[in-house]
Amino acid sequence: ASNDGLLRIGLKKLKLDHNNGLAARLESKEAKDLRASIRKYNFRGKLG
Amino acid sequence: DGSDTDIVALKNYMDAQYFGEIGVGTPPQKFTVIFDTGSSNLWVPSTKCYFSVPCYFHSKYKSSESSTYKKNGKTAAIRYGTGAISGFFSEDNVKIGDIVVKRQEFIEATREPSVTFLVAKFDGILGLGFKEISVGNATPVWYNMVKQGLVKEPVFSFWLNRNVEEEEGGELVFGGMDPNHFKGKHTYVPVTQKGYWQFDMGDVLIDGKESGYCNGGCSAIADSGTSLLAGPTTVVTMINHAIGAVGVVSQECKAVVEQYGQTIMDLLLTEAHPKKICSQVGLCTFDGTRGVSAGIESVVDEKDGRSSGLGDAMCSACEMAVVWMQNQLRRNQTQDRILNYVNELCERLPSPMGQSAVECGSISSMPSVSFTIGGKIFDLSPHEYILKVGEGAAAQCISGFMGLDIPPPRGPLWILGDMFMGRYHTVFDSGKLRVGFAEAA
């Protein structure tokens, strides 16, 4: 809290690197299986 | 309710996360939470969580060590894309910054089966959405903040620091906005559906040119709990094509272009009602507003009682092809070029809820993508919508756009996550029921 009456919450940031799984997930077996199944069964997307 | 869980599913993608610290109980027990405008409950792991591995990697709330704990005991469960959390409601004081919100309902999670929570850097989630979407009708933290007179205005705002060189993650301000973190004036739009911070949005521009799909209006949700941007497959495919993103090749889409492409174009040129074209060519049925799948499935390659879902896919492909062609005709492209372009688009479909890789070396030549909100244009440059992971030769680049198809009446819908809220300082004003965006500073 400060003089201007606002409550400020500092946010931390998770930096992107190889270890956070973002890139790894792209090439994971699960992702490949998903892509393969999409092609055949799920063109519109599971939320479509 | 399926329509709501559709949207929550995006919470899988928590790769560029912003989180903060809160205290629960007296004395405060510390937890790292995601401040999420796309949900409305507060949950933290419970010390009574015995059988879920993620609980052993995170801080856990111990009610017996809090002098302000009040028992509730009502069971609760929240579904996410790859799993769910479940547990029971409790009541205690919650410390956020220097203020203490008294008698706050929250969920003590006793089961976190998803691997998402195992690898997560945060312990729980603090929802900043409306009570209307709160599980168990629990009152969200910010409602109590306002009710207990802890903030002067019923407003909160986000500044997310997108500068990768800087340690500071950002700032969530309750009670107003910090003038140091935005430039100019905010553009405000009314909240159209209380629950999420949802508002009406106009067209999406690619390299300054209309994509056409949201000409008639789309909805959007400002969601701090989502890292990326998600929107209709029709538009994301166009973006993928423009930025060279790897996509899924759709044979159904190619078949539609090959067999019906010319017919669709002829019908568009004769100024037939575009929404009726796919039903006219027999790929969809018209429901009064748009083409929908007739539910006729191909049985040719049916195995083990499963059909290929081809009928549905062909209808969707046709609906997209109509938008793509219409857009190109508006730009006076030749018919050959249009058919070729649409055929190329069929190779760039985004994986549903998946991410698409792009060439890191091409980022500077990629087009801007812009959103029309409140009649104003909000640009994102390629450096803002592409995530670069790693450095040097090992660097990988991922498009920030994902496909998400939500049917009317809630959709078509865009989810504007941290990627958008990083570029644009975002104000959530519950008093005037509006959302505002201004250039972040």
Side-chain angles (χ1 to χ4, degrees), chain A, chain B residues 6 9 15-21 32 35 96-99 119 121 145 150-152 158 160-161 164 167-178 233 248-253 306 308-309 312-313 316-317 349 351-355 357 387-390 394 396 398 403-407:
Chain A
S2 54
N3 300 335
D4 56 10
L6 302 177
L7 173 68
R8 292 177 165 81
I9 312 295
L11 300 176
K12 296 171 201 167
K13 178 167 56 173
L14 175 63
K15 283 196 174 180
L16 295 164
D17 59 36
H18 280 297
N19 300 324
N20 75 7
L22 178 63
R25 264 216 306 278
L26 266 178
E27 289 313 314
S28 68
K29 186 183 177 299
E30 194 186 6
K32 281 178 186 162
D33 288 350
L34 180 67
R35 277 191 223 128
S37 66
I38 291 156
R39 251 171 247 156
K40 194 169 179 194
Y41 299 111
N42 210 357
F43 174 78
R44 291 176 71 191
K46 58 184 173 183
L47 303 173
Chain B
D6 282 346
D15 302 297
Q17 300 157 344
Y18 294 84
F19 43 84
E21 207 168 72
T32 296
F35 290 96
I96 301 176
D98 291 332
I99 67 164
V119 296
K121 303 278 186 203
M145 259 186 203
L150 302 170
V151 286
K152 60 174 184 176
F158 273 90
L160 304 178
N161 189 359
V164 288
E167 278 299 313
E168 191 182 9
E171 200 177 69
L172 164 60
V173 177
F174 287 102
M177 58 193 101
D178 187 335
T233 301
V248 172
V249 181
S250 165
Q251 296 306 336
E252 292 89 345
C253 179
R306 290 202 298 181
S308 66
D312 199 27
S316 300
L349 266 79
S351 312
M353 305 305 296
Q355 297 153 340
L387 286 175
K388 197 170 181 184
V389 184
Q396 289 186 50
I398 289 126
L404 173 73
D405 291 299
I406 305 291

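Each chain gets a letter, A, B and so on, in the order the sequences are listed, and its residues count up from 1. Atoms considered below: every heavy atom in the structure, side chains included; atoms not considered: hydrogens, waters and symmetry mates.
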Side chain from CB out, backbone as N, CA, C, O: work out which of these in B/M145 comes under 4.5 Å of a heavy atom of chain A, or both, or neither. side chain

Mind running side-chain contact (heavy atoms from CB on, under 4.5 Å) on B/F19 and A/L11 for me, showing each step along the way? CA-CA 5 Å; B/F19 43 84; A/L11 300 176; over 6 Å; no

Side chain proximity check, A/L7 to B/V173, heavy atoms < 4.5 angstrom: no

Please examine the side chains of A/L6 and B/F174, heavy atoms only from C-beta on, and report whether any two atoms are closer than 4.5 Å.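 Contact flag for B/F174/A/L6 side chains = no.
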
Out of B/D178, B/L160, B/L150, B/T32, return the one with the most heavy atom pairs under 4.5 angstrom to chain A.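 Most heavy-atom pairs under 4.5 Å with chain A: B/D178.
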
Any salt bridge linking B/E21 with A/K12? Criterion: basic side-chain nitrogen under 4.0 Å from a carboxylate oxygen.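 Looking at A/K12 together with B/E21, the answer is yes, because their closest N to O distance falls below 4.0 Å.
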
